[in-house]
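Notes follow the structure.
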Amino acid sequence: MNKLMLWVSVLVILPEAFAQTDLRGKVFVFPRESSIDHVTLITKLEKPLKNLTLCLRAYSDLSRAHSLFSYSIYGKDNELLLFKNRIGEYSLYIGKAKVTVRASETFPSPVHTCTSWESSTGIAEFWVNGKPLVKRGLKQGYSVGAHPKIVLGQEQDSYGGGFDKSQSFMGEIGDLYMWDSILPPEEILLVYHGHPFINPTILNWQALKYETKGYVIVKPLVWG
């Protein structure tokens, strides 16, 4: 009987902190500025990445710099980082190197952002609200390390930690997908319009495994 009660307690507690679920039509809400609140995304990525595409939607009224997606490996922060420096200015970090692009945005309003990087050429591409920006290049021939710690809401200065309140995200994030390939422009547009028909190989908002820490709430998306 005691063992049965223990398992019931575990089943009640686990869904609140650690879950794998379909989050279509929902968002993570980060309602305050914090050096604690974040979401860890869990993926079994065991091989280095030569190609990648990352897409997400974000809605925030922050005008200061903040992290949108932080991917670190043991001994290396900023292995892969999507960072918003200010309104309309985004940086992509690969292996601590970075490129920056600028886009026209209405503020505050929801923004759909996609970025891709190809090792063989070093070319990084960005799309903001379905519109391609000028290409950049960095870390040609590099491989993004495996076994990452992936965090939303904070920027990692160490593996899974080293958070700085002044770089934290405050707002809502949803529709996050990641592939180990370069999506062509026509598929980027489909993702932007809400049709990620290509099976995401790394992170899938429709079958996401994650863990929340601090004050992060899952709520319906009302601004899509």
Side-chain angles (χ1 to χ4, degrees), residues 16-18 27-43 45 49 52 54-103 105 107-115 117 124 126 128 136 138-139 142 144-176 178 202-203 205 208-219:
E16 296 180 357
F18 183 79
V27 293
F28 290 128
V29 180
F30 301 83
R32 66 178 182 182
E33 189 177 68
S34 166
S35 60
I36 300 171
D37 309 335
H38 67 282
V39 178
T40 300
L41 306 182
I42 295 103
T43 181
L45 184 58
L49 290 172
L52 64 91
L54 169 68
C55 295
L56 59 85
R57 297 186 195 275
Y59 190 16
S60 176
D61 57 3
L62 287 175
S63 57
R64 64 159 171 78
H66 56 274
S67 174
L68 290 170
F69 181 92
S70 178
Y71 174 122
S72 71
I73 60 175
Y74 283 114
K76 290 185 180 180
D77 62 326
N78 296 347
E79 182 69 356
L80 166 59
L81 172 66
L82 180 59
F83 196 82
K84 189 166 186 177
N85 304 302
R86 56 180 61 89
I87 299 167
E89 184 177 296
Y90 297 84
S91 288
L92 175 68
Y93 290 73
I94 298 288
K96 290 196 172 185
K98 78 168 181 174
V99 291
T100 299
V101 295
R102 293 167 182 83
E105 287 183 2
F107 177 82
S109 63
V111 180
H112 184 266
T113 307
C114 286
T115 186
W117 174 77
F126 292 81
V128 173
R136 297 287 191 264
L138 76 166
K139 299 296 282 189
Y142 187 75
V144 173
H147 307 290
K149 182 75 73 173
I150 301 175
V151 169
L152 303 181
Q154 303 286 345
E155 192 270 316
Q156 303 173 79
D157 284 334
S158 61
Y159 188 75
F163 302 148
D164 182 343
K165 182 178 180 179
S166 68
Q167 296 178 326
S168 66
F169 177 80
M170 186 168 64
E172 304 175 26
I173 291 178
D175 287 347
L176 190 151
M178 187 174 178
I202 301 175
L203 294 169
W205 195 250
L208 194 69
K209 186 179 290 187
Y210 66 91
E211 183 178 8
T212 62
K213 291 288 182 67
Y215 190 20
V216 183
I217 306 297
V218 176
K219 297 290 285 184

Any [X] side-chain heavy atom under 4.5 Å of [Y] side chain:
X    : Y    : result
I42  : K149 : no
P148 : L45  : yes
N78  : E155 : yes
L80  : L54  : no
I217 : T212 : no
L41  : L208 : yes
I150 : F69  : yes

Report the distance from atom [atom1] of [X] to atom [atom2] of [Y], rounding to the nearest 0.5 Å.
X    : Y    : atom1 : atom2 : answer
E33  : M170 : CD    : CE    : 6.0 Å
S70  : L82  : OG    : CG    : 10.5 Å
M178 : C114 : CE    : SG    : 12.0 Å
S109 : I87  : OG    : CD1   : 9.5 Å
E172 : S60  : CD    : OG    : 9.5 Å

Are the aromatic ring centres of Y210 and W205 under 6.0 angstrom apart?
->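 Centroid separation for Y210 and W205: 6.0 Å or greater.
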Output field: ring centroids H38/F163 closer than 6.0 Å |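 Aromatic pair counts; centres sit under 6.0 Å.
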Using the side-chain hydrogen bond (donor to acceptor under 3.5 Å, both in side chains) criterion, which residues pair with [X]? Sequence neighbours excluded.
X    : value
Q167 : none
S168 : R64
S166 : D164
S72  : Q156

Which residues pass the ring pair (Phe, Tyr, Trp, His ring centres under 6.0 Å) test with Y71, sequence neighbours left out?
->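 Once residues adjacent in sequence are excluded, Y71 has no partner under the ring pair (Phe, Tyr, Trp, His ring centres under 6.0 Å) criterion.
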Listed partners of F30 passing ring pair (Phe, Tyr, Trp, His ring centres under 6.0 Å), at least two apart |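 With neighbours one apart ignored, the set is F169.
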Please list, chain by chain and in numerical order, all residues satisfying salt bridge (Lys or Arg N to Asp or Glu O under 4.0 Å) with [X], sequence neighbours excluded.
X    : value
K219 : none
E105 : K84
R57  : D175

Stepwise, does the side-chain contact (heavy atoms from CB on, under 4.5 Å) test hold for Y59 with V111?
-> CA-CA 6 Å; Y59 190 16; V111 180; over 6 Å; no
Output yes when a side-chain donor or acceptor of [X] lies under 3.5 Å from a complementary backbone atom of [Y], and no otherwise.
X    : Y    : answer
E211 : T40  : no
T113 : V128 : no
W117 : L138 : yes

Side chain to side chain contact (heavy atoms under 4.5 Å, CB included) against Y74, all qualifying residues, sequence neighbours excluded |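 Checked Y74 against side chain to side chain contact (heavy atoms under 4.5 Å, CB included); matches are Y159.
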What residues form a side chain to side chain contact (heavy atoms under 4.5 Å, CB included) with S34, not counting sequence neighbours?
->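 Listed in chain order: R32, I36, D37, Q154.
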Over all heavy atoms of both residues, which pair between G162 and S158 is shortest? Give the atoms and the distance, please.
-> N-OG, 3.3 Å
Mind listing the closest non-hydrogen atom pair of I73 and A146 along with its distance?
-> CG2-O, 3.3 Å
NZ of K213: more than 12 outside heavy atoms within 6.0 angstrom?
->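 No, because the 6.0 Å sphere around NZ of K213 holds 12 heavy atoms or fewer from other groups.
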Atom CZ of F107: over 12 foreign heavy atoms under 6.0 Å = yes
Please walk me through it: do Y90 and L92 pass side-chain contact (heavy atoms from CB on, under 4.5 Å)?
-> CA-CA 7 Å; Y90 297 84; L92 175 68; over 6 Å; no
Give the intermediate values and the outcome of side-chain contact (heavy atoms from CB on, under 4.5 Å) for residues V216 and V29.
-> CA-CA 6 Å; V216 183; V29 180; over 6 Å; no
Show me the donor-acceptor pairs within less than 3.5 Å that the side chains of residues 93-100 make with the rest of the protein, sequence neighbours left out.
{"from": "K96", "atom 1": "NZ", "to": "D77", "atom 2": "OD1", "distance (Å)": "3.1"}
{"from": "T100", "atom 1": "OG1", "to": "S91", "atom 2": "OG", "distance (Å)": "2.7"}

Stepwise side-chain contact (heavy atoms from CB on, under 4.5 Å) test for L203 and L176 = CA-CA 7 Å; L203 294 169; L176 190 151; 3.8 Å; yes
